[in-house]
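Note that the coordinates shown come from a computational prediction; the quantities given were computed from them, not determined experimentally.
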Amino acid sequence: MTTDPGQFLAAAGEFLRADPAANSVMLTVTENLRVGAAAPAAGQPLYGWLRPAGNPAGNPVGAAFMHTPDFPLMLSRVSEPDAACLARDLAGAGHRVGAVNAGQGAAGAFAAAWRDRTRDSVAVYRRMRLFRLGELLPPRPGPEGTARLAAGTDQDLLAGWFGAFAREVGDAPGEDQRAVVAERLGYGGLTVWEAGGVPVSVAGRTRVVAGMVRVGPVYTPPELRGHGYAGAATAAVSHAALDAGVREVVLYTDLANPTSNALYQRLGYRPVEDRVVLSFTPARHGLRFIRERTPGLCPAGRR
């Protein structure tokens, strides 16, 4: 285990890049740190990787994880026994984990082992689906307006929208949204849809890593929903990525939101895999995750 992203990539980079869609979060977070973007406000992530037994130094990496404080521990595809072993190792080391994000089987194995060691209660926090763009199908007819890259003059507006998005999807509180927006603006990672010369929706994307970008967040203020702006903004970002030579354009959806899942499939996104986020709460605090979904939200999430 390490907090050094360079050491992590030296060990696990080939494994991650072999499937950039499935490993997009670990790839994009480490890329941000590699290029000198600000570290996450909650602190440096903890990284780890697994080699098969026998000849650990010579065998290829078979699984990896990343844990940024205040965010779920992110697991790559990994066997259930190895996920359980990791949970026991982290609990034994006193490393606090508030949630795990993994495939259903691995997440369940991790959670069971974590609960056995810590006595924490376990709850389903979010079920997610990874989509990959096939053939882009822009909305026809499209809504009024046009897409443009966001600029510095949009920073205050977009910071407010990012904060609203975080509250609606239950992301970690306290993040400096102005800094998040500024970092995205620095590499052209935000596209605004304008109608009548006024911004009405925004779609973001990550940096390009291993020929892949991940779209998100996608946000339209509640009073402006229902006009097709989010779909148009997402299509514009996706089209620009393809024009730039990106091989894989991916995004995550919350399976509790049928609106966003249907929208992205109409645009040409196809399912790749499902994941679940399981939250852990010390028993004395009881269950704390009770979530309501906002029908008009299109949560192609940041993480």
Exercise for the section: Before accepting this row, confirm whether a basic side-chain N of the pair E273/R132 lies closer than 4.0 Å to the acidic partner's carboxylate O. Expected result: no
Exercise for the section: Using atom types as modelled and distance alone, determine if a side-chain donor or acceptor of R119 lies under 3.5 Å from a backbone N or O of P282. Expected result: no
Handout entry: Electrostatic pair R129-D274, nearest N-O below 4.0 angstrom
Key = yes
Problem - Side-chain heavy-atom pair Y264, V218 within 4.5 angstrom cut-off - result: yes
Practice task
Say whether, by atom type as modelled, one donor and one acceptor occur between the side chain of R247 and the main chain of A210 under 3.5 angstrom.
Solution key: yes
Handout entry: Heavy-atom donor-acceptor pair, R275 side chain to M74 backbone, under 3.5 Å
Key = no
Exercise for the section: Starting from the C-alpha separation in whole Å, work towards a yes-or-no answer on side-chain contact (heavy atoms from CB on, under 4.5 Å) for V35 and E31. Expected result: CA-CA 6 Å; V35 301; E31 177 67 8; 3.5 Å; yes
Completion exercise
Nearest heavy-atom approach of V192 to P199 is CG1-CB, 3.5 Å
Problem - Cluster overlap Y229 with Y219, hydrophobic side-chain contacts below 4.5 Å - result: no
Problem - Beyond-backbone contact of N101 with M128, side-chain heavy atoms, under 4.5 angstrom - result: yes
Problem - Heavy-atom closest pair, residues V249 and A241 - result: CG2-CB, 4.0 Å
Exercise for the section: State yes or no: do L90 and L50 share one hydrophobic cluster built from I, L, V, M, F, W and Y residues joined by side-chain heavy-atom distances below 4.5 Å, directly or via other members? Expected result: no
Handout entry: Value rounded to 0.5 Å, distance of CG in D120 from CZ in R96
Key = 4.0 Å
Exercise for the section: Indicate the atoms forming the closest heavy-atom contact of L136 with A235, along with that distance. Expected result: CD2-O, 3.8 Å
Exercise for the section: Rounded to the nearest 0.5 Å, what's the gap from CG on L278 to CD on Q104? Could you check? Expected result: 6.5 Å
Practice task
Take atom CD of E223 as the centre, draw a 6.0 Å sphere, and report whether it contains more than 12 heavy atoms from other residues, nucleotides or ligands.
Solution key: yes
Completion exercise
Distance col, row L27:CG vs N32:CG, nearest 0.5 angstrom, shows 11.0 Å
Handout entry: Residue that, paired with F131, satisfies side-chain contact (heavy atoms from CB on, under 4.5 Å) out of V250, T253, V215
Key = T253
Problem - Note, P217 side chain near R184 side chain (heavy atom, < 4.5 Å) - result: yes
Handout entry: Closest approach of A159 to R178 (non-hydrogen atoms, all atoms of both residues)
Key = CB-CG, 3.7 Å
Problem - Whether T206 side chain and R214 backbone form a donor-acceptor pair below 3.5 Å - result: yes
Fill in the blank from the handout: Residue set satisfying side-chain hydrogen bond (donor to acceptor under 3.5 Å, both in side chains) with S238, at least two apart, ordered chain then number -> Y269
Problem - Same apolar cluster (I L V M F W Y, side chains within < 4.5 Å links), V124/W114 - result: yes
Practice task
Answer yes or no: is there a donor N or O on one side and an acceptor on the other, between the side chain of R270 and the main chain of Q265, under 3.5 Å?
Solution key: yes
Practice task
Please confirm whether the backbone N or O of G268 pairs with a side-chain atom of E135, one donor and one acceptor, at under 3.5 Å?
Solution key: no
If you look only at distance, which donor and acceptor atoms sit under 3.5 Å apart when one is on a side chain in residues 7-22 and the other is two or more places apart or in another chain?
{"residue": "Q7", "atom": "OE1", "partner": "T2", "partner atom": "OG1", "Å": "2.9"}
{"residue": "D19", "atom": "OD1", "partner": "A22", "partner atom": "N", "Å": "3.4"}
{"residue": "D19", "atom": "OD2", "partner": "R77", "partner atom": "NH1", "Å": "2.7"}

Problem - side-chain hydrogen bond (donor to acceptor under 3.5 Å, both in side chains) partners for T234, two or more places apart - result: none
Problem - Spacing of CZ belonging to R207 relative to CD belonging to E183, to within rounding of 0.5 Å - result: 4.5 Å
Problem - W161 side chain reached by Q177 side chain, heavy atoms, under 4.5 Å - result: no
Problem - S76 (side chain) donor-acceptor with A63 (main chain) under 3.5 angstrom - result: no
Problem - Pairs involving residues 191-201, ordered by first then second residue, that meet salt bridge (Lys or Arg N to Asp or Glu O under 4.0 Å) (sequence neighbours left out) - result: R148-E194
Practice task
Following the transitive rule for hydrophobic clusters with a side-chain heavy-atom cut-off under 4.5 Å over Ile, Leu, Val, Met, Phe, Trp and Tyr, establish whether V237 and V213 coincide in one cluster.
Solution key: yes
Handout entry: Donor-acceptor contact below 3.5 Å, side chain Y125 vs main chain G170
Key = yes
Fill in the blank from the handout: Shortest non-hydrogen pair, V100 vs L75, comes out as CG2-CD1, 4.0 Å
Problem - Point-to-point distance, once rounded to the nearest 0.5 Å, from CG of L149 to OG1 of T191 - result: 5.0 Å
Problem - Close side-chain approach of F280 and L73, heavy atoms under 4.5 Å - result: no
Practice task
Would you please name every residue forming a side-chain hydrogen bond (donor to acceptor under 3.5 Å, both in side chains) with Y47, sequence neighbours left out?
Solution key: none
Exercise for the section: Could you tell me whether R225 and E168 make a salt bridge, using a distance below 4.0 angstrom between a side-chain N and a carboxylate O? Expected result: yes
Problem - Flag, side chain of T3 to backbone of L46, donor-acceptor distance under 3.5 Å - result: no
Practice task
State, yes or no, whether a side-chain contact exists between H227 and V200 at a heavy-atom distance under 4.5 Å.
Solution key: no
Exercise for the section: Mind telling me whether H67 and H95 have parallel, tilted or perpendicular rings, with 30° and 60° as the class edges? Expected result: perpendicular
Problem - Set of side-chain hydrogen bond (donor to acceptor under 3.5 Å, both in side chains) partners for D89, sequence neighbours left out - result: none
Exercise for the section: Would you name the heavy atoms of L267 and G231 that are closest together and state the gap between them? Expected result: CD1-O, 3.7 Å
Problem - Check: A151 main-chain N/O paired with D154 side-chain donor or acceptor under 3.5 Å - result: yes
Handout entry: V61 reachable from V25 in the ILVMFWY side-chain graph, under 4.5 Å edges
Key = yes
Exercise for the section: Might you confirm whether atom NE2 of H239 has over 12 heavy atoms from other residues, nucleotides or ligands at distances under 6.0 Å? Expected result: no
Practice task
Kindly compute the distance separating CG (D254) from OG1 (T259), expressed to the nearest 0.5 Å.
Solution key: 11.0 Å
